[in-house]
Structures are given as structure tokens and as C-alpha cells.
There are 2 protein chains.
Amino acid sequence: MALIDQPQDQQGAFSLPPGRALEICRQLEMAILEHRILPGMKLNEDEVGETFGASRTVARSALQALAHSGLVTIERNRGAFVSRPSIREAHDVFEARALIEPRIARMAARAMSDDDLTMLRAHIENEHSAVHSGNKGQALSLSGAFHLAIAEVANQQVLTQIMRPLISRSSLIIALYWRRPDTTCESHSHEALMKAFAARDPFAAEEVMKSHIVDLHSGLDLVERPAAEPTLAAVFSGDPGSKT
Amino acid sequence: MALIDQPQDQQGAFSLPPGRALEICRQLEMAILEHRILPGMKLNEDEVGETFGASRTVARSALQALAHSGLVTIERNRGAFVSRPSIREAHDVFEARALIEPRIARMAARAMSDDDLTMLRAHIENEHSAVHSGNKGQALSLSGAFHLAIAEVANQQVLTQIMRPLISRSSLIIALYWRRPDTTCESHSHEALMKAFAARDPFAAEEVMKSHIVDLHSGLDLVERPAAEPTLAAVFSGDPGSKT
DNA sequence: AAGCTCAGGATCGTATACAATCCTTGTGCA
DNA sequence: TGCACAAGGATTGTATACGATCCTGAGCTT
């Protein structure tokens with residue numbers, strides 16, 4: 001089912017929550033990134049703990065970690081909610097990405113090895129199959145993973161760490177403000193990126209990435225949205241730890 | 001007693017630890033930024049809690065928050081230590097700053113109001129008096145605060161949030177790798193920045209900031225350093241909340 | 001009927017207690 | 001003397017318990 005990616009702990013880990021909390025973090029993050037949990041939803045500490053068979057202490061730690069990456073907003077004495085990025089924040093996030101990611105793409109194109117290329121191609125394959133299977137949430141999540149994979153090729157750990165929450169928040173923004181339900185343009189842009197990478201053309205990669213980010217930004221319909229608040233328990237029905 | 005500073009929560013707060021932990025965070029952060037606690041030092045949970053008159057739960061939460069901003073590194077079953085940025089990381093951090101901060105400076109120069117200008121001038125005054133009083137740690141900390149103040153003028157919350165840990169980590173890097181104990185060049189660069197801001201010249205501000213960051217980067221002597229490990233108790237001897 | 005008050009429940013913040021892990025150190029043996 | 005190993009202490013990971021705060025809704029007053 002979800003043999004998507006191994007733990008892969010030691011990659012960019014400098015502030016990972018301890019033990020069990022990490023697993024809860026990953027599960028919740030994936031659920032949010034795949035839009036199985038929507039912005040605005042309440043994340044009750046007891047409920048989270050019980051859902052994953054852990055104590056409230058651990059659940060709380062996981063929620064705080066998610067808050068630090070911006071996926072969750074904690075209000076004192078009120079609890080944790082999936083963040084609902086404001087329109088203003090949506091603009092800021094994509095402006096930040098428009099600044100950072102083209103540079104990352106340039107560095108990646110310089111450092112790109114043959115193995116890296118095949119790895120990125122595999123990412124794109126995954127995206128395609130997700131799109132074909134109709135799982136839009138997973139497709140979007142994998143699209144974010146593609147951007148992160150590029151950052152890791154660029155081998156700039158600090159910028160990679162910076163990009164991670166930006167991409168996560170982009171997922172929230174798209175959940176709230178995306179204009180049409182198609183993500184085909186994504187696929188196309190990623191193909192264009194691959195071409196630049198394959199040619200080891202840093203400037204082309206930089207330019208393609210820049211226009212890709214701008215496209216995403218302009219694909220948003222930035223008007224106020226009401227909050228949707230589904231229930232939690234159904235999302236993790238039965239498989240809190242199903243993933244060898 | 002503790003009319004130190006009002007909460008002031010809502011500024012850049014989207015993941016602040018709750019209640020008491022926030023105060024501990026602030027105190028520890030300041031101590032680290034002012035080099036009263038040096039990289040590599042162990043931060044025992046019991047000790048931190050007792051030092052600030054709080055339970056281990058709160059101390060732990062504060063340490064985890066600091067870990068998320070990169071000031072502290074937590075190793076499983078071993079505890080929290082003040083981070084010791086590697087040489088590699090030092091390069092990465094300053095490359096990231098060289099990418100982000102010139103853009104910030106440009107935006108700040110555009111958005112600069114007269115009030116902003118006087119506010120920044122006050123920052124520089126503080127720096128000067130700290131330098132003259134011989135308190136190098138505080139001077140360095142204020143220098144970082146100046147950069148953050150610029151970011152807030154630029155009114156780009158996301159990039160500001162990104163800059164915060166970068167500047168904090170820069171402080172650690174300087175503690176470990178700074179070549180000479182003088183920071184006068186800092187002051188000079190900041191004056192040059194002010195001139196560009198006063199003239200509302202975005203491009204000048206961008207260029208000055210860029211060379212400022214590059215100067216900082218090249219002022220580092222990036223060779224391996226041994227870890228210094230002083231004791232904690234002395235640092236906070238009796239004044240957990242003394243700070244006008 | 002509308003609005004206010006206040007009790008009850010629910011949820012979070014914090015403290016404490018127990019379990020698991022790691023590090024130290026002292027001892028026994030080669 | 002040097003090393004292997006085990007017992008003890010120290011420290012972190014996790015669970016539970018208690019207090020504080022907030023939200024809800026019933027009942028009373030106007």
C-alpha cells in the first residue's frame with residue numbers, strides 16, 4: 001500500500017522529534033499533504049494519541065513539531081488545527097519559492113549525476129502513475145517530493161531544509177485556493193525541468209524552474225475560502241501503523 | 001518584578017511553544033546568541049528546568065523548540081546540546097543568506113517609511129553602545145537583530161521566518177569560526193546599509209547587503225575547532241529573568 | 001422572548017512517576 | 001597491566017494525574 005518511501009532518517013534530520021512522535025508526525029504530514037485532512041480541521045491531542053496508540057505526551061510532541069514546520073497552528077488553550085494559510089501568506093510562500101528554487105535548480109543541474117537523473121525520472125514515473133490512478137492528493141504530494149529531490153541533488157542542506165516547510169505549506173495553499181482540479185500543467189513543467197537537467201544546462205534549469213513557480217502562483221484563485229472541517233477518525237481507520 | 005517585556009506574541013508567531021516554555025526559549029536563545037553558552041555544551045533537561053523554576057516537561061518543550069530552529073541538537077537518549085555547525089553547514093548558511101538577504105534589503109528599501117528609518121537607526125545606536133561597553137556577545141546579538149529588523153520592514157513574513165534561524169545559526173558559526181575578535185566591519189557595513197535605505201535606493205541596498213554577507217562569509221576561518229564545554233549553572237546564576 | 005449568569009464538561013498546560021536506555025566505574029580474569 | 005563484563009547511577013522517553021482555561025448550554029432575570 002504505502003511503501004512510498006522508507007524512513008530515511010538521517011538525511012536532513014537535525015530536529016526530529018523522538019521515537020514514536022516522529023512516526024505520528026510522518027503519518028499526519030502525509031495525510032495533510034495528500035489532502036485527506038483539510039485545512040482548518042481540529043487535531044485533538046487525545047484523539048491523535050488514541051488514533052496512533054500513543055500517549056497524549058507523544059501526540060502533543062508530534063503536533064508541536066508539525067507546528068514548527070507550519071503545517072499546524074497551535075492556539076493557546078484551544079488546541080491544534082491544520083493551518084489555513086491566508087491569501088497574504090500564499091503570496092509570500094510562492095514569492096519565497098520563486099527566489100529559492102530557481103537557484104536550487106541551477107545548482108542541481110551542475111551537480112547532477114547519472115544516478116540522480118534516473119532517480120528523478122523514477123519520481124516522475126510515480127507522479128504519472130498516481131495521476132493515472134486518479135489519486136490527486138497523492139499526485140500532489142509526489143509533486144512536492146520531486147521538488148525536494150531536486151534540492152537534495154543540489155546538495156545544499158540548508159536550503160533544502162528551508163524548502164521543506166515551504167513545499168508543505170504550498171500543499172495547504174493549493175488545497176485552499178487551487179483554481180481547477182487538474183494538475184497536468186505540473187507534469188508538463190516537470191518534464192521540461194528534466195530536459196534541462198539531462199542537458200546539464202544550469203541556466204535553462206533556473207529559468208524553467210522560475211517560470212514553473214510563477215505558473216503555480218498564478219494558478220491560484222486567491223479569494224477567501226470557508227473552512228471545511230471533516231472528522232479525523234475516519235481518515236486513519238485501522239491503519240495507524242501499517243507500513244513495514 | 002518581571003515586567004520585562006510584554007508578551008508581544010503576535011509578531012511572527014505561528015509555532016511558539018506554550019506559556020512558560022516560550023520564556024525559557026527566549027532566555028536560552030539570548031544566552032546562546034550572546035555566546036554566554038558555547039557550542040557543544042550539554043543542556044540537561046533537569047538542569048534547565050530547575051534553573052528556570054519549571055518542570056522538566058516545560059524545559060523539554062523549550063529545548064525541542066530550540067532544536068527546530070537549529071540552535072540546539074537533540075540526540076536520542078543522549079540529550080540536547082548547543083549545536084556545533086560543521087564547516088560545510090557554515091558555508092551553506094552563508095550561501096543561503098547571500099541569496100535571501102539582498103532580496104530582503106531590496107524590498108525593505110522600497111517599503112521603508114520614516115518611522116522604519118528611525119527604528120533602524122535606534123538599532124544601530126544600541127549596537128554602538130554595546131560595542132563601546134565592550135560586550136561583544138551582546139553586540140553580535142544586536143547585529144543579528146538589525147538584520148531581522150530589516151526583514152520586518154520588508155514586510156515579507158515568510159522570508160523573515162526563514163531568516164530567523166539562519167541568523168541564529170550564523171551566531172553559532174561566528175562563535176566557532178570567527179577569525180578576529182573585532183566586529184567593527186559589521187558596524188561599518190550597517191552604516192552603508194542605512195545610507196542606501198535613507199536614499200530609498202533598492203538596488204544599492206541589495207548590493208550593499210550582498211557584499212556585507214560575502215564579507216561575513218570570508219571573515220570566517222573555516223578549520224576544525226575543538227568543542228568547548230563550560231558549565232551551565234554559572235551562566236544563569238540568580239538572574240533567570242533579569243533583562244530590562 | 002432576549003440577554004445575562006453561572007455551573008458543567010471538555011480540552012489544554014504542567015507536574016510528577018515510572019520505564020527504557022546509556023554511560024560510568026569497579027571488579028574479575030587472562 | 002590490560003581488557004571484558006556487569007552492576008549502578010544518571011538521563012532521557014513515555015504515561016498518567018492534577019490544575020487552569022475555555023466553550024457550551026441551562027436557567028434566571030428583565
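Just so it is clear, the structure is predicted and the values come from calculations on it, not from any experiment. Residue numbers begin at 1 in each chain, while the letters A, B, ... track the order of the sequences.
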**Prompt:** Does any donor atom in the side chain of Ser113(B) or Asp116(B) lie under 3.5 Å from an acceptor atom in the other side chain?
**Reply:** yes
**Which residue lies more 5' along DNA chain D, comparing Arg78(A) with Thr57(B) via nearest heavy atoms** = Thr57(B)
**Prompt:** Between dA17(D) atom P and Asp46(A) atom CG, what is the distance in whole Å?
**Reply:** 13 Å
**Prompt:** Could you give the CD1-to-C1' distance, from Ile74(B) to dC22(C), as a whole number of Å?
**Reply:** 17 Å
**Message:** Between C1' on dC22(C) and CD on Glu45(B), what's the gap in Å once rounded to a whole number?
**Reply:** 14 Å
**Request:** Starting from C1' on dG13(C), measure out to CZ on Arg20(B) and report it in whole angstrom.
**Result:** 10 Å
**Complete:** To the nearest angstrom, the CZ-P distance between Phe52(B) and dG13(C) comes to 21 Å
**Asked** What is the distance from CZ of Phe81(A) to P of dC12(C), rounded to the nearest Å?
**Response** 8 Å
**5'-most by nearest nucleotide on DNA chain D - Asn77(A) or Ala80(B)** = Ala80(B)
**Request:** Figure out the CD/P separation between Glu47(A) and dA10(C), and round it to whole Å.
**Result:** 14 Å
**Asked** Does a nitrogen or oxygen in the side chain of Ser55(B) sit under 4.0 Å from OP1 or OP2 of dT14(C)?
**Response** no
**Message:** dA10(C), OP1 or OP2 - any side-chain N/O from Asn44(A) closer than 4.0 Å?
**Reply:** no
**Complete:** In whole angstroms, the gap separating P of dG13(D) from CD of Glu23(A) amounts to 17 Å
**Asked** Looking at OG1 of Thr73(B) and CZ of Phe81(B), how far apart are the two atoms once the value is rounded to the nearest 0.5 Å?
**Response** 9.0 Å
**Asked** Taking only side-chain nitrogens and oxygens of Arg56(B), does any of them come within less than 4.0 Å of OP1 or OP2 of dT11(D)?
**Response** no
**Message:** Could you walk me through whether Glu47(B) and Lys42(B) satisfy the salt bridge (Lys or Arg N to Asp or Glu O under 4.0 Å) test, starting with their C-alpha distance in whole Å, then the side-chain angles of each, then the deciding distance to 0.1 Å, before giving a yes or no?
**Reply:** CA-CA 10 Å; Glu47(B) 203 176 353; Lys42(B) 176 77 183 289; over 6 Å; no
**Prompt:** Should Glu89(B) and Arg169(B) count as an ion pair when the cut-off is N to O under 4.0 Å?
**Reply:** yes
